[in-house]
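All chains are named by letter (A, B, ...) in the order of the sequence lines, taking the proteins before the strands, and each is independently numbered beginning at 1.
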Protein chains: 2
Amino acid sequence: MTRPRMENSADEIAASLAHAIHEHRLAPGSKLSEDEVGEIFGVSRTVVRAALQRLSHSRLVELKRNHGAFVAQPSLREAREVFEARALLEPRTARSAAERITQADITILERHIADEHEALDKGLTGRALYLSGQFHVEIARIADQATVAEFITQLVARSSLVIALYWQRRAALCESHAHHALLRALAARDGARAEDLMKEHLVTLMTSLDLRGRNAVPTSLREALRG
Amino acid sequence: MTRPRMENSADEIAASLAHAIHEHRLAPGSKLSEDEVGEIFGVSRTVVRAALQRLSHSRLVELKRNHGAFVAQPSLREAREVFEARALLEPRTARSAAERITQADITILERHIADEHEALDKGLTGRALYLSGQFHVEIARIADQATVAEFITQLVARSSLVIALYWQRRAALCESHAHHALLRALAARDGARAEDLMKEHLVTLMTSLDLRGRNAVPTSLREALRG
DNA sequence: GAACACATGATTGTATACAACTTTGGATGA
DNA sequence: TCATCCAAAGTTGTATACAATCATGTGTTC
């Protein structure tokens with residue numbers, strides 16, 4: 001590898017992997033070999049391990065002792081919990097965002113929605129999914145609550161894994177409508193409405209998943225025969 | 001070092017450090033030298049680094065590049081945010097806990113309160129503070145929401161740092177009363193009341209801090225003269 | 001005496017070497 | 001044929017060595 005001496009700290013590698021997971025380029029259950037990742041990024045296992053540990057703490061990666069790192073496969077229960085946690089955090093955060101939003105923020109959110117549409121038109125569903133998540137993160141940022149924003153960032157990324165495992169066809173359409181409506185409420189500084197819309201949006205998202213029972217396709221063959 | 005071959009993985013070291021921070025045996029700003037920590041636990045820097053990175057992700061430790069790890073010193077803003085995040089998560093979690101609590105859980109919580117009193121009587125304020133935090137974590141556990149419980153665990157630990165920095169004398173008394181009242185509501189399976197009490201309790205906690213302005217004592221002398 | 005430059009020491013950042021563990025495949029025996 | 005055991009390969013866990021970086025103190029210069 002003769003990359004032009006990139007600043008490849010553990011953070012950047014973690015971010016790169018997280019992005020790939022978020023965009024569904026890395027499927028749940030995928031093995032992340034330390035050697036392999038290290039070779040790709042041109043660093044030693046030391047740095048890769050740091051990155052993987054970080055991702056493990058965000059629950060995007062599962063570390064199995066003496067077995068290595070794998071892209072996480074949230075259980076049904078965890079899937080539900082992730083959305084329940086979002087339901088606790090995001091509606092009130094949307095309300096706060098409505099009270100603080102600036103014109104610049106509105107422009108950014110409009111841009112997000114436009115990019116999302118564009119990605120969908122081009123068939124880049126992974127990218128569209130990522131942007132759709134970033135819309136939520138952006139709202140948390142606007143609310144100016146860094147601590148909560150961090151939690152939401154993590155939950156959104158985990159939601160991407162949940163979607164990869166428990167997505168139930170169709171939808172994806174209502175998505176952008178919901179985001180549009182949210183943006184309108186935010187732009188109008190209507191906190192109460194933004195809160196309600198966010199609550200509703202999350203419920204819609206959750207019901208578009210199939211979190212009832214046994215029908216997720218396990219990506220790891222071996223794992224499949226153990227459960 | 002000739003310790004009896006402890007199983008000192010990074011997790012245990014991280015937990016040990018976190019516990020010390022939580023009990024105020026390690027003050028905010030304390031330097032955590034890799035060599036020193038490694039010698040204490042009888043492991044190499046490799047393992048210590050992993051532990052410190054984990055704590056850094058939980059915001060209990062701040063990693064300054066090329067300068068090392070320090071026990072975190074939450075800013076005023078972060079201090080407020082931590083309690084605001086708790087206000088979003090804990091009241092509803094307490095309500096859930098009330099709906100699911102079992103007799104065994106009640107016994108555990110009673111025990112917690114008793115231990116807390118005992119620690120206070122013995123003047124072990126650090127331990128009392130830790131137990132007081134664990135009371136909240138225990139409620140999250142009872143609510144059976146592992147994901148939210150994790151967030152609350154982290155926030156409670158960070159609250160301990162906030163208290164170390166911004167504590168405003170007195171109080172500590174109302175604490176246990178609030179916990180008593182909460183326990184009664186939980187035991188009575190009165191979710192609405194548990195939610196209200198938790199909300200009130202968090203507000204009380206927050207107002208017992210001084211989160212208005214410049215009067216926290218920086219523990220690192222050098223840091224003090226830089227701000 | 002003050003300011004700057006540089007050498008020195010200490011600490012972290014990264015790579016590599018080796019140890020420990022798990023899996024896999026084949027050889028052995030019943 | 002089947003089960004068991006053992007050896008080999010591959011991967012992770014940990015320790016150590018070396019490079020890079022920053023802080024400190026000294027010496028030179030003005």
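Rounding to whole angstrom units, CZ of residue A:R65 and P of D:dT12 are separated by 13 Å. One atom, CG of A:L32, and another, P of D:dG10, lie 20 Å apart when rounded to the nearest Å. Spacing between atom CG of A:N66 and atom P of D:dT11 amounts to 14 Å, rounded to whole angstrom units. For the pair A:R45 CZ and C:dA15 P, the interatomic distance rounds to 12 Å; values are reported in whole Å. Between A:R49 atom CZ and D:dT11 atom P the separation is 14 Å, expressed in whole Å. Atom CD of B:E39 is separated from atom P of D:dT16 by 12 Å (rounded to the nearest Å). The interatomic distance linking B:F41 (CZ) with D:dT14 (P) rounds to 15 Å, in whole Å. In this structure, B:E34 atom CD and C:dA10 atom C1' are separated by 13 Å, rounded to whole Å.
The main-chain N or O of A:L155 is found under 3.5 Å from a side-chain atom of A:S159 such that the two form a donor-acceptor pair. Of the possible donor and acceptor atoms, none in the side chain of A:Q145 sits under 3.5 Å from a partner among the backbone N and O of A:T93.
Under a 4.0 Å N-O distance rule, the pair A:E150/B:R59 qualifies as a salt bridge. At a threshold of 4.0 Å, the pair A:D11-B:R65 does not count as salt-bridged, since none of the basic side-chain nitrogens sits closer than that to a carboxylate oxygen.
Listed pair B:K64 / C:dG13 fails the phosphate criterion, with no side-chain N or O lying under 4.0 Å from OP1 or OP2.
Each of A:T46 and A:G68 lies near DNA chain D, and the nucleotide nearest A:G68 is the one positioned closer to the 5' end.
Each of D:dA15, D:dT12, C:dT16 was ranked by its minimum atom distance to the side chain of A:S44; first place goes to C:dT16. Here the nucleotide nearest the side chain of A:H67, chosen from C:dT12, C:dT22, C:dA15, is C:dT22.
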